[in-house]
Amino acid sequence: VEELKSNFISMMSHDLKTPIARIKGMTDIIHTDSSKLDERQQQAIRLIRNSSDDLLKFFESILSYSNMESGGVQLRLQTKDITHVVETVIEQCRFMAQQKAIQIEFDYEPLFPIQIDPQLIQQVITNLVENSIKYSPEGSRIGIHVFERDEMVIIEVQDNGGGIAPDDLPHLFDK
């Protein structure tokens, strides 16, 4: 049953990504030549593009989760600068933060490139930053810090949200 469920989720997510990618592609074309559109229409195109991006991210998350559940995650390790990965996430989340007047502050120590799966670590950091934005009050600040401690790279995301309820903490890593 788990295998059937996993296969269904994987097929459904994959099949739904195609029409969403088409929508995104068409809005990209319209956005490129948006000079003939009024401000309201340009804003609508931006909203469609952002919504398409959100849906694609959602389906990518479903596929990743399905792969993790089935034990199908294979790390694709590459030597990368982790600060560059974090900067990419911040840039992608900047619009979402601006909608709530949230300031993102990024502080990092210079580090040597490390072995990571860039897509997987980017997805994890994106989830942390997006949740920080989602649950933080308007006009607040999110701090992202990257540093080395005891030969490990630490990435901290600090926000002003309500946090996780104490009763839920023991179940944080439960399915």
Side-chain angles (χ1 to χ4, degrees), residues 13 17 20-21 24-25 27-28 31-32 34 39 42-68 73-166 168-174:
S13 296
K17 280 174 55 180
I20 293 170
K24 183 177 172 2
T27 56
D28 286 345
H31 183 72
T32 302
S34 62
E39 181 56 37
Q42 289 179 15
Q43 187 177 8
I45 291 297
R46 282 192 298 271
L47 181 61
I48 293 169
R49 286 177 71 210
N50 291 337
S51 296
S52 297
D53 287 341
D54 290 345
L55 275 172
L56 282 173
K57 280 191 229 174
F58 177 70
F59 288 124
E60 289 292 330
S61 296
I62 290 172
L63 285 172
S64 294
Y65 181 74
S66 178
N67 285 335
M68 282 187 253
V73 173
Q74 293 183 351
L75 293 178
R76 292 179 175 84
L77 295 177
Q78 298 175 24
T79 303
K80 293 283 185 183
D81 180 353
I82 191 70
T83 56
H84 179 69
V85 174
V86 175
E87 286 171 336
T88 300
V89 169
I90 291 170
E91 194 55 40
Q92 290 172 347
C93 295
R94 192 165 306 283
F95 178 77
M96 185 179 176
Q98 287 172 345
Q99 297 300 99
K100 292 181 72 176
I102 292 176
Q103 182 180 11
I104 299 176
E105 295 176 1
F106 181 42
D107 177 38
Y108 62 91
E109 294 177 1
L111 300 170
F112 291 105
I114 58 173
Q115 288 281 309
I116 58 173
D117 181 326
Q119 285 185 311
L120 189 58
I121 197 73
Q122 184 171 338
Q123 183 179 359
V124 169
I125 297 168
T126 298
N127 286 342
L128 290 171
V129 174
E130 286 181 349
N131 281 341
S132 289
I133 294 168
K134 182 177 179 181
Y135 294 107
S136 290
E138 286 195 26
S140 61
R141 181 191 73 78
I142 293 172
I144 302 171
H145 313 281
V146 179
F147 58 95
E148 182 182 353
R149 181 183 298 149
D150 300 326
E151 296 185 27
M152 294 184 348
V153 173
I154 309 292
I155 301 170
E156 291 181 344
V157 179
Q158 299 171 331
D159 62 44
N160 296 305
I164 299 169
D168 293 333
L169 286 174
H171 306 288
L172 192 61
F173 295 102
D174 291 353

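Remember, it's a predicted structure, so these values are computed and weren't measured experimentally.
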_Where T126 and C93 come nearest, the two heavy atoms and their spacing_ = CG2-SG, 4.5 Å
*asked:* If you apply the rule side-chain contact (heavy atoms from CB on, under 4.5 Å), what do you find for R149 with M152, and how did you get there?
replied: CA-CA 5 Å; R149 181 183 298 149; M152 294 184 348; 5.8 Å; no
_With rounding to the nearest 0.5 angstrom, report the OG to CD1 distance, S136 to I142._
4.5 Å
*N160 side-chain N/O to R141 backbone N/O, donor-acceptor pair under 3.5 Å*: yes
*Atom OG1 of T79 and atom CG of L77: how far apart are they, to the nearest 0.5 Å?*
8.5 Å
*Crowded around E109 CD? As in, over 12 foreign heavy atoms under 6.0 Å?*
yes
*Kindly write out the residues that satisfy ring pair (Phe, Tyr, Trp, His ring centres under 6.0 Å) with F106, not counting sequence neighbours, or none if the list is empty.*
Y108
_Between CE on residue M96 and OG on residue S132, distance to nearest 0.5 Å_ = 9.5 Å
*Minimum heavy-atom distance K100-Y135, with the two atoms named*: NZ-N, 4.5 Å
_Sidechain N-carboxylate O distance under 4.0 Å for D53, R49_ = no
_Less than 4.5 Å apart, side chain to side chain, heavy atoms only: is that true for E148 and F112?_
no
*Report the residues that fulfil side chain to side chain contact (heavy atoms under 4.5 Å, CB included) with R94, sequence neighbours left out, ordered by chain and then residue number.*
I90, E91, Q98
*Quick one: pull up CG in N50 and NZ in K24 and give me the separation to the nearest 0.5 Å.*
9.0 Å
*Enter the distance from I102:CD1 to S140:OG here, rounded to the nearest 0.5 Å.*
4.0 Å
_Approximate separation, where rounding is to 0.5 Å, of I82 CD1 and Q122 CD_ = 9.5 Å
*Which of these, V129, L128, N127, I144, sits in a side-chain contact (heavy atoms from CB on, under 4.5 Å) with V89?*
V129
*If you count the non-hydrogen atoms of other residues, nucleotides and ligands that lie under 6.0 Å from CD in Q119, is the total more than 12?*
no
